[in-house]
Amino acid sequence: MQSPQVNKEPSTKALEDQLLEVNGLKTNFYIGKGKVVQAVDDVSFSIRKGETVALVGESGSGKSITSLSIIRLIPSPPGKIVEGSIRLEGKELLTLSEDEMCKVRGNDIGMIFQEPMTSLDPVFTIGNQIAESLMKHKKLKKSAAYKEAIELLKIVGFARAEEVIKEYPHQLSGGMRQRVMIAIAMSCNPKLLIADEPTTALDVTVQAQILNLMVEMKDKFQSSILLITHDMGVVAEVADRVLVMYGGQIVEEAPVRDLFIDTMHPYTTALLKSIPNIDVDLKRLDSILGTAPPAHDFPRGCRFAARCKHVMEKCLEENPTLVEIKPNHKVRCHLYEHQGGLYSE
Ligand code: SF4
């Protein structure tokens, strides 16, 4: 990959417990006829050691491209990280060679995707696939790798691990395959686990099991999690902190409790109103009117303006910046510029 423009200044907020720091990340897609899709536009956030951070938003908001940028798996061309910095424990990832980055993936960062069947190879046994990861990243001999694979399968809840190791992906259910993916992702004790919609393809009854398992594994291996999801129920369940994305930008960032109790951005409010609430007797759930603007043709002003019921003249002229309204709670919205977070529905 051609090296992107990297912010030269070391981050001043590089605290001891900081694991990942993303600063001013911009990822574009060049789709021909001079069109540029600004999939990720000036995104900055950090993840502390042991923390679970949820990145939420509708499809097309830029959350998956943000995670793919972190692990440098943006299809290029047409995609390209054009600006920014991604540091893992202070090490800049955007200037690493592909070989060095390959070691980071697997050793330092584990990944789980929505559909495990696309990540598992149908022609190899489960044991083969876990052992391969262990031999590659931990340099284990084949017999030791198989032994450890059995242990990992037991840790992720397979009672009959010795048999599962000889089976092929199609012989397992969706939930079991996702357990295998978690075993592979955790096989090298990664510092960061990136989970992109890990429960979306699963039955509701299995979703909670997989989420609990991820959190258990995070605690056991002392990792951090970046959880990409569109499901606010999942966020409430497992996240410590939440980043809400819209139109390729972060529009709100807050500790999970704060986000649900003192919601600030009109988009986050709309997102929360569109999920069922057991305490509220609603005939119909709210939906967010309209559609997100195309990423190759963002409006000049606020990207949520066309769907926002609080839109003002200024919103059409000027895209607001992300501002910290109260400790650890940031929002990108003109409503807060003078009133310090007094807006309520
Ligand atoms: Fe709505 Fe304006 Fe805030 Fe955008 S800046 S979310 S349009 S009030």
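Model, not experiment: these values are computed from the prediction. Order of appearance sets the numbers: ligands from 1, and atoms from 1 within every ligand.
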Task: Residue-atom pairs from the protein, N, O or S only, that lie under 2.8 Å from atom 1 (Fe) of ligand 1 - done: C308 SG
TODO: For E100 and S97, indicate whether the former's side chain and the latter's backbone hold a donor-acceptor pair under 3.5 Å.
DONE: yes
Open item on the list: Under the criterion salt bridge (charged side-chain N to carboxylate O under 4.0 Å, His left out), I'd like the reasoning laid out for R332 against E252: C-alpha separation, chi angles, the key distance, then a yes or no.
Closed with: CA-CA 6 Å; R332 184 188 292 277; E252 186 160 3; over 6 Å; no
- [ ] Give a yes-or-no answer on whether the side chains of H296 and Q38 include a donor-acceptor pair shorter than 3.5 Å.
- [x] no
Table please: side-chain donor-acceptor pairs of residues 143-154 below 3.5 Å, with sequence neighbours left out.
residue: E148; atom: OE2; partner: K138; partner atom: NZ; Å: 2.8
residue: K154; atom: NZ; partner: E162; partner atom: OE2; Å: 3.2

Open item on the list: Per the ring pair (Phe, Tyr, Trp, His ring centres under 6.0 Å) rule, what does the pair list look like for residues 196-255, sequence neighbours excluded?
Closed with: Y246-Y267, Y246-F304
Open item on the list: Enumerate the salt bridge (charged side-chain N to carboxylate O under 4.0 Å, His left out) contacts for residues 220-234, please, sequence neighbours excluded, ordered by first and then second residue.
Closed with: none
